[in-house]
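First, the structure itself, so that you have it in front of you.
All values derive from a computational prediction rather than experimental measurement.
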Amino acid sequence: LTGYARPAVEILRSGPCTVFAAVNTLSTGRWRLYRSDDRGRTWQEVHAFPGSISSFHLSRDGRLLVVVPFADPRRPDALPDGAWVSSDMGATWSHTPFDGRTRGLIAWDVEEDAAGALCAGTEIWDHPQPYRAPYYRSLDRGATWQEVAGSLPWHVSRTQAHPSAQLVYALTEGAGLYATEDQGGSWRR
């Protein structure tokens, strides 16, 4: 693979030979998701996405891929902010908007908690005032999303889910670490 890779890679837990990588192909400027089934020796393109890929996630069971591109609001063809979801390892995709209205959210991290809920913290690209960045969750494998930022005082740059408990940590940029044990229903510092 050549180009600019961010946000790194995801490894299939049930088959560690399978690796996914998001890459900006410098020659075309398009972001593409690639898959390797031989630990990175060879790669095949899975899908090209509009906008840059700000985050992606491979579910614990390996059946669900969630990709969140940055929908640049200055582009007239930008889709509403949301996620591209595939339940067949990238063979087919559907776009599900977060709320249908917003443009310009950067989802720095998508995670899955022990119960299978997806979480996505976002930053608003131009920081409008008053600034309140949304934090989204999906309880139905990415088909719909609900805003659950609640008391989070700033945008979330990293999310980490506990591997066996219903506990999600959200690291804000400069405002501290927060946790939820009820999938975003409430947050504590």
Side-chain angles (χ1 to χ4, degrees), residues 4-10 22-24 29-31 33 49-59 65-85 94-162 165-189:
Y4 174 67
R6 179 189 55 85
V9 299
E10 286 280 329
V23 175
N24 179 345
R30 298 279 300 179
W31 283 83
L33 187 67
F49 292 92
S52 61
I53 296 174
S54 59
S55 184
F56 76 99
H57 174 73
L58 177 61
S59 67
L65 273 168
V66 180
V67 176
V68 184
F70 169 58
D72 188 336
R74 298 166 291 191
R75 290 184 48 182
D77 61 341
L79 289 171
D81 289 309
W84 289 89
V85 179
S94 62
H95 181 264
T96 57
F98 287 144
D99 62 20
R101 301 180 315 271
T102 58
R103 303 277 192 291
L105 294 179
I106 304 166
W108 290 120
D109 217 356
V110 175
E111 278 291 325
E112 176 184 14
D113 74 9
L118 297 168
C119 308
T122 66
E123 176 179 359
I124 304 171
W125 76 285
D126 61 352
H127 295 90
Q129 297 302 316
Y131 183 63
R132 187 172 185 291
Y135 191 92
Y136 291 99
R137 76 163 179 219
S138 175
L139 302 176
D140 54 12
R141 298 181 59 84
T144 60
W145 296 86
Q146 301 84 38
E147 203 283 324
V148 293
S151 62
L152 291 173
W154 200 250
H155 63 255
V156 172
S157 57
R158 289 289 171 244
T159 298
Q160 185 64 54
H162 191 282
Q166 193 170 315
L167 176 62
V168 174
Y169 294 98
L171 180 63
T172 63
E173 186 178 289
L177 181 65
Y178 287 77
T180 180
E181 295 180 83
D182 56 7
Q183 298 174 325
S186 61
W187 294 92
R188 62 180 166 79
R189 192 163 197 269

With sequence neighbours left out, write down each residue that passes ring-ring contact (aromatic ring centres under 6.0 Å, His included) with Tyr178, or none if nothing qualifies.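 Per chain and number, Tyr178 pairs via ring-ring contact (aromatic ring centres under 6.0 Å, His included) with no residue.
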Give every residue pair that meets the salt bridge (charged side-chain N to carboxylate O under 4.0 Å, His left out) criterion with at least one member in residues 117-130, sequence neighbours excluded.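 Passing the test, one end in residues 117-130: no pairs.
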Nearest heavy-atom neighbours spanning Pro153 and Ala175: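 Closest approach of Pro153 to Ala175, heavy atoms only: CG-CB, 3.6 Å.
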Side chain to side chain contact (heavy atoms under 4.5 Å, CB included) with Ser186: which residues, sequence neighbours excluded?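 With sequence neighbours excluded, Ser186 shows a side chain to side chain contact (heavy atoms under 4.5 Å, CB included) to Asp182, given in chain and number order.
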Where do Ser55 and Ala107 come nearest, in terms of heavy atoms and distance?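 Smallest heavy-atom distance, with atoms named: CB-O, 3.0 Å.
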Taking only residues two or more places apart in sequence, or in another chain, which ones meet Thr122 in a side-chain hydrogen bond (donor to acceptor under 3.5 Å, both in side chains)?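 With sequence neighbours excluded, Thr122 shows a side-chain hydrogen bond (donor to acceptor under 3.5 Å, both in side chains) to no residue whatsoever.
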Which residues satisfy the side chain to side chain contact (heavy atoms under 4.5 Å, CB included) test with Leu171, sequence neighbours excluded?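 Listed in chain order: Ser157, Arg158, Leu177.
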Which residues pass the salt bridge (charged side-chain N to carboxylate O under 4.0 Å, His left out) test with Glu112, not counting sequence neighbours?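 Only Arg60 meet the salt bridge (charged side-chain N to carboxylate O under 4.0 Å, His left out) criterion with Glu112.
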Has Trp187 got a side-chain atom pairing as donor or acceptor with Val148's backbone, closer than 3.5 angstrom?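 Yes.
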Determine whether Leu118 and Val66 satisfy the following criterion, side chain to side chain contact (heavy atoms under 4.5 Å, CB included), listing intermediate values before the conclusion. CA-CA 9 Å; Leu118 297 168; Val66 180; 3.8 Å; yes
Non-neighbouring partners of His95 that pass ring-ring contact (aromatic ring centres under 6.0 Å, His included), sequence neighbours left out: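 ring-ring contact (aromatic ring centres under 6.0 Å, His included) list for His95, sorted by chain: Trp84.
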With sequence neighbours left out, what residues match Thr159 under side chain to side chain contact (heavy atoms under 4.5 Å, CB included)?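 Residues passing side chain to side chain contact (heavy atoms under 4.5 Å, CB included) with Thr159: Asp109, Glu111, Cys119, Tyr135, Val156, Val168.
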If I compare all heavy atoms of Gln183 with all of Ala117, which pair ends up nearest, and what's the gap?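 Scanning both residues, the minimum pair turns out to be NE2-CB, 3.2 Å.
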Pairs meeting criterion side chain to side chain donor-acceptor pair (under 3.5 Å) with involvement of residues 166-175, two or more places apart: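 Sorted result for residues 166-175: His155-Glu173.
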First locate atom CD of Gln146, then atom CG of Asp99, and finally report the distance between them rounded to the nearest 0.5 Å.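 Interatomic distance, Gln146 CD to Asp99 CG, rounded to 0.5 Å: 11.5 Å.
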Which pair of non-hydrogen atoms, one from Ala133 and one from Ala149, has the smallest distance, and what is that distance?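 Between these two residues, the closest heavy atoms are O-CB, 3.8 Å.
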Considering residues at least two apart in sequence or located in another chain, which fulfil the side chain to side chain contact (heavy atoms under 4.5 Å, CB included) criterion with Ala120?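 Residues passing side chain to side chain contact (heavy atoms under 4.5 Å, CB included) with Ala120: Phe98, Val110, Trp145.
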Please report the C-alpha distance between Trp31 and Val23 in whole Å, then the side-chain angles of each, then the deciding distance to 0.1 Å, and finally whether the side chain to side chain contact (heavy atoms under 4.5 Å, CB included) criterion is met. CA-CA 6 Å; Trp31 283 83; Val23 175; 5.8 Å; no
Set of residues satisfying salt bridge (charged side-chain N to carboxylate O under 4.0 Å, His left out) with respect to Arg132, sequence neighbours excluded: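 Partners of Arg132 under the salt bridge (charged side-chain N to carboxylate O under 4.0 Å, His left out) test: Glu147.
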Looking only at atom types and distance, does a side-chain atom of Arg188 sit under 3.5 Å from a main-chain N or O of Ala179, one as donor and one as acceptor?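 Looks like no, no N/O pair under 3.5 Å.
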Backbone N/O of Ala161 and side chain of Asp113: donor-acceptor pair under 3.5 Å: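 Absent.
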Roughly how far, to the nearest 0.5 Å, is the OG1 atom of Thr180 from the CG atom of Leu152?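 One gets 8.5 Å once the value is rounded to the nearest 0.5 Å.
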Working for side chain to side chain contact (heavy atoms under 4.5 Å, CB included), residues Val68 and Phe56: CA-CA 6 Å; Val68 184; Phe56 76 99; over 6 Å; no
Under the salt bridge (charged side-chain N to carboxylate O under 4.0 Å, His left out) test, residues paired with Arg141 that sit two or more places apart: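 So Arg141 forms a salt bridge (charged side-chain N to carboxylate O under 4.0 Å, His left out) with Asp61.
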